Amino acid sequence: MIRAVITGSGSALPANCVTNADLAERVDTSDEWIVERTGIRQRYIAAEGETTSTLATQAARRAIEDAGVDAAEIGLIVLATATPDHTFPATATQVQNALGCNGCVAFDVQAVCSGFLYALGTAESLLRTGMAKKALVIGAETFSRILDWEDRTTCVLFGDGAGAVVLEARDVAEDGPGILSTKLHADGAHCDLLYVDGGPSTTGEVGKLRMKGREVFRHAVVNLADVLREVLVDAGAQAADIDWVVPHQANARILDATARKLDLPAEKVVVTVDQHANTSAASVPLAFDVARRDGRIKEGDLVMFEAMGGGFTWGASLARM
Ligand code: UT7
């Protein structure tokens with residue numbers, strides 16, 4: 001059977017690391033509050049000239065190198081971002097040009113923090129139809145550019161970064177590697193709980209991120225547990241079969257609560273929120289790359305990806321490495 005197999009990963013972070021103590025000099029907050037409520041200790045913030053496309057290109061180059069493929073072999077680029085370099089063209093086309101694989105299919109996907117899951121699901125479907133043989137799936141963000149740095153309830157939570165994977169269509173055995181099941185959802189009724197108060201068709205300005213955090217938290221725990229169960233049923237797997245969960249890194253307490261709901265031991269959950277904060281669409285591939293490179297995620301492992309974000313959007317995907 002033809003499956004989309006993850007054959008490489010890469011990530012990129014800006015050079016500038018900002019600690020909670022640094023933020024406490026700008027807004028009325030403290031390291032103690034941020035760590036206790038979120039688990040975040042630091043985040044990376046893009047400097048002038050560092051953009052979503054430059055971070056995405058760096059991550060993509062590392063993923064291509066890791067997979068041992070040539071950029072010219074890439075037939076599809078799906079890039080998830082809510083902070084594109086420009087309203088258009090798609091950031092994916094800028095990454096394509098920087099990599100030198102011009103001519104292949106390249107477009108952006110916008111599902112905020114669930115963006116990587118949406119991009120993965122889209123790329124996997126297109127690979128299975130035969131549209132391309134090798135794809136780059138990227139999550140990249142510069143949320144620092146849409147934060148209200150006067151609003152302590154949001155500005156301490158986010159960071160910038162990028163992560164990428166190479167997906168290849170392969171003919172594999174039933175118990176072989178590849179993406180086994182992906183489930184995606186959206187519910188536009190909650191768009192006022194997490195949104196940006198601007199845009200090209202409304203104010204004409206980029207706008208700033210606004211969030212009712214406590215309500216988002218409540219929805220996140222319920223929706224994530226539901227979609228994880230849905231994917232497990234579809235793949236014919238049990239929670240106990242999972243080797244690693246690579247969740248969207250919004251808040252350590254959401255990770256704990258979701259793992260508890262599924263009876264998953266905390267040691268199986270990859271946590272990078274302490275180091276990177278919430279990097280929206282970049283957080284899942286960033287965490288995945290960290291855990292692959294440090295040797296935790298190995299060939300043959302069963303890995304669950306999951307995310308929830310503005311829209312609301314949410315989703316999960318189960319893959320055998
Ligand atoms: O990535 C997309 C999905 N996003 C998420 O999943 C985010 C989900 N939500 C959360 O992670 C949490 O709700 C937050 C971390 C955003 C907030 O934590 P919380 O425990 O829900 O706190 P809260 O909003 O209920 O605020 C508690 C108190 C408030 O003070 P009062 O009204 O009780 O006096 C806030 O004003 O904490 C105050 N507060 C802060 N204090 C110090 C809010 N932000 C800060 C801050 N520093 N940065």
Side-chain angles (χ1 to χ4, degrees), residues 18-43 80-83 110-118 139-144 146-161 163 184-188 190-196 208-228 245-259 261 269 271-274 276-287 305-316:
V18 176
T19 64
N20 292 346
D22 294 334
L23 284 184
E25 289 173 15
R26 292 174 73 158
V27 285
D28 180 17
T29 190
S30 64
D31 177 55
E32 194 190 1
W33 189 94
I34 301 171
V35 172
E36 191 187 307
R37 301 291 177 122
T38 71
I40 297 165
R41 293 185 180 276
Q42 59 177 44
R43 75 283 296 139
T81 190
T83 48
Q110 217 279 49
V112 204
C113 299
S114 316
F116 182 76
L117 269 297
Y118 269 70
E141 303 277 17
T142 44
F143 258 49
S144 62
I146 55 163
L147 293 176
D148 175 352
W149 288 99
E150 310 273 298
D151 176 10
R152 69 173 183 172
T153 69
T154 54
C155 76
V156 303
L157 304 174
F158 296 89
D160 302 334
L184 303 171
H185 294 282
D187 182 355
H190 304 292
C191 55
D192 58 327
L193 297 182
L194 176 52
Y195 67 103
V196 169
K208 298 292 178 203
L209 181 148
R210 307 291 170 205
M211 178 166 75
K212 296 193 175 116
R214 201 179 295 183
E215 276 128 289
V216 176
F217 190 112
R218 239 176 347 101
H219 284 276
V221 175
V222 174
N223 291 345
L224 288 171
D226 285 350
V227 76
L228 289 171
V245 183
V246 183
H248 170 50
Q249 310 283 323
N251 185 319
R253 289 187 294 137
I254 297 181
L255 306 189
D256 291 345
T258 310
K261 269 190 165 235
V269 182
V271 180
T272 54
V273 67
D274 55 329
H276 305 153
N278 181 346
T279 58
S280 182
S283 89
V284 170
L286 244 169
F305 302 98
E306 46 107 318
M308 146 99 189
F312 290 137
T313 55
W314 65 101

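Whatever order the structure lists ligands and atoms in, that order sets their numbers, starting from 1. Only heavy atoms go into these numbers, but all of them, side chains included; no hydrogens, no water, no symmetry mates. It should be emphasised that the depicted structure is a prediction, and the values quoted were computed from it without experimental measurement.
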Worksheet item: Tell me, do Asn251 and Val273 make a side-chain contact under 4.5 Å, heavy atoms counted?
Response: no
Discussion item. When you compare the side chains of Glu141 and Thr81, does any donor N or O come within less than 3.5 Å of an acceptor on the partner?
Written reply: yes
Practice prompt. For the residue pair Arg43 and Asn20, confirm or rule out a side-chain donor-acceptor distance under 3.5 Å.
Written response: yes
Worksheet item: Does atom 41 (N) of ligand 1 have a protein heavy-atom neighbour under 4.0 Å away?
Response: yes
Discussion item. Quick check on Arg253: does its CZ atom have over 12 non-hydrogen neighbours (other residues, nucleotides or ligands) under 6.0 Å away?
Written reply: yes
Discussion item. For Gly39 versus Ala252, what's the shortest heavy-atom pair and its separation?
Written reply: CA-CB, 4.0 Å
Practice prompt. Closest by any non-hydrogen atom to atom 18 (O) of ligand 1: pick that one out of Met308, Arg214, Arg253.
Written response: Arg253
Output a table of donor-acceptor pairs, distance under 3.5 Å, between side-chain atoms of residues 149-161 and any protein atom two or more places apart or on a different chain; print 'none' if there are none.
unit_1: Trp149; atom_1: NE1; unit_2: Ser144; atom_2: O; d: 3.1
unit_1: Asp151; atom_1: OD1; unit_2: Thr153; atom_2: N; d: 3.0
unit_1: Asp151; atom_1: OD1; unit_2: Thr153; atom_2: OG1; d: 2.6
unit_1: Asp151; atom_1: OD2; unit_2: Thr153; atom_2: OG1; d: 3.3
unit_1: Asp151; atom_1: OD2; unit_2: Thr154; atom_2: OG1; d: 3.0
unit_1: Arg152; atom_1: NH1; unit_2: Asp28; atom_2: O; d: 3.0
unit_1: Thr154; atom_1: OG1; unit_2: Asp151; atom_2: O; d: 3.4
unit_1: Asp160; atom_1: OD1; unit_2: Phe143; atom_2: N; d: 2.9
unit_1: Asp160; atom_1: OD1; unit_2: Ser144; atom_2: N; d: 2.9
unit_1: Asp160; atom_1: OD1; unit_2: Ser144; atom_2: OG; d: 3.4
unit_1: Asp160; atom_1: OD2; unit_2: Ala46; atom_2: N; d: 2.7
unit_1: Asp160; atom_1: OD2; unit_2: Ser144; atom_2: OG; d: 2.6

Worksheet item: Among protein heavy atoms, which sits nearest to atom 47 (N) of ligand 1, and what does the distance come to when rounded to 0.1 Å?
Response: Thr29 OG1, 2.7 Å
Worksheet, complete the sentence: What one should report as the nearest heavy-atom pair of Cys113 and Ala307 is O-CB, 3.5 Å
Worksheet entry | Nearest protein heavy atom with distance in Å, relative to atom 48 (N) of ligand 1 | Arg152 O, 2.8 Å
Worksheet item: Taking all atoms of both residues into account, what is the closest heavy-atom pair of Thr83 and Ala140, and its distance?
Response: OG1-O, 4.3 Å
Worksheet item: What residue and heavy atom of the protein are closest to atom 20 (O) of ligand 1, and at what distance?
Response: Arg37 NH1, 2.9 Å
Worksheet item: If we only count heavy atoms from C-beta on, is the Pro247 to Thr258 side-chain gap below 4.5 Å?
Response: no
Discussion item. Starting from atom 1 (O) of ligand 1, what is the nearest protein heavy atom, named by residue and atom, and what distance separates them?
Written reply: Asn278 ND2, 2.7 Å
Discussion item. I need the contact type for Ala250 against ligand 1. Using non-hydrogen atoms and a strict under-4.0 Å cut-off, is it side chain, backbone, both or neither?
Written reply: side chain
Worksheet entry | Where Met308 and Asn223 come nearest, the two heavy atoms and their spacing | SD-ND2, 3.7 Å
Discussion item. Are Trp314 and Leu117 packed together at the side-chain level, in the sense that at least one heavy-atom pair is separated by less than 4.5 angstrom?
Written reply: no
Worksheet item: Side chains of Arg210 and Leu194: does their closest heavy-atom pair fall under 4.5 Å?
Response: no
Practice prompt. Write out the residue and atom name of the closest protein heavy atom to atom 28 (C) of ligand 1, then the distance separating them to 0.1 Å.
Written response: Trp33 NE1, 4.3 Å
Worksheet item: Heavy-atom contacts under 4.0 Å between Thr154 and ligand 1: side chain, backbone, both, or neither?
Response: neither
Worksheet item: Numbering the atoms of ligand 1 from 1, which are under 4.0 Å from a heavy atom of Leu194?
Response: 2 (C)
Discussion item. Protein heavy atoms near atom 33 (O) of ligand 1, is at least one of them under 4.0 angstrom away?
Written reply: no
Discussion item. With heavy-atom distances below 4.0 Å as the criterion, list the atoms of ligand 1 near His248.
Written reply: 1 (O), 2 (C)
Worksheet item: For atom 8 (C) of ligand 1, what is the nearest protein heavy atom, given as residue, atom name and distance?
Response: Gly213 O, 3.5 Å
Practice prompt. Run the numbers for me: atoms of ligand 1, each under 4.0 Å from some heavy atom of Val156, listed by number.
Written response: 48 (N)
Worksheet item: Can you tell me which residue and heavy atom of the protein come closest to atom 16 (C) of ligand 1, and the distance to 0.1 Å?
Response: Leu157 CD1, 3.7 Å
Worksheet item: Heavy atoms only: which of Val112, Val216, Leu209 is nearest to atom 4 (N) of ligand 1?
Response: Val216
Discussion item. Among all the protein's non-hydrogen atoms, which is closest to atom 12 (C) of ligand 1, and how far away is it?
Written reply: Asn251 ND2, 3.8 Å
Worksheet item: To which of Thr38, Asn20, Val27, Thr153 does the heavy atom nearest atom 15 (C) of ligand 1 belong?
Response: Thr38
Worksheet item: Do any non-hydrogen protein atoms sit less than 4.0 Å from atom 6 (O) of ligand 1?
Response: yes
Fill in: For Ile254, atoms of ligand 1 separated by under 4.0 Å from a heavy atom
6 (O), 8 (C)
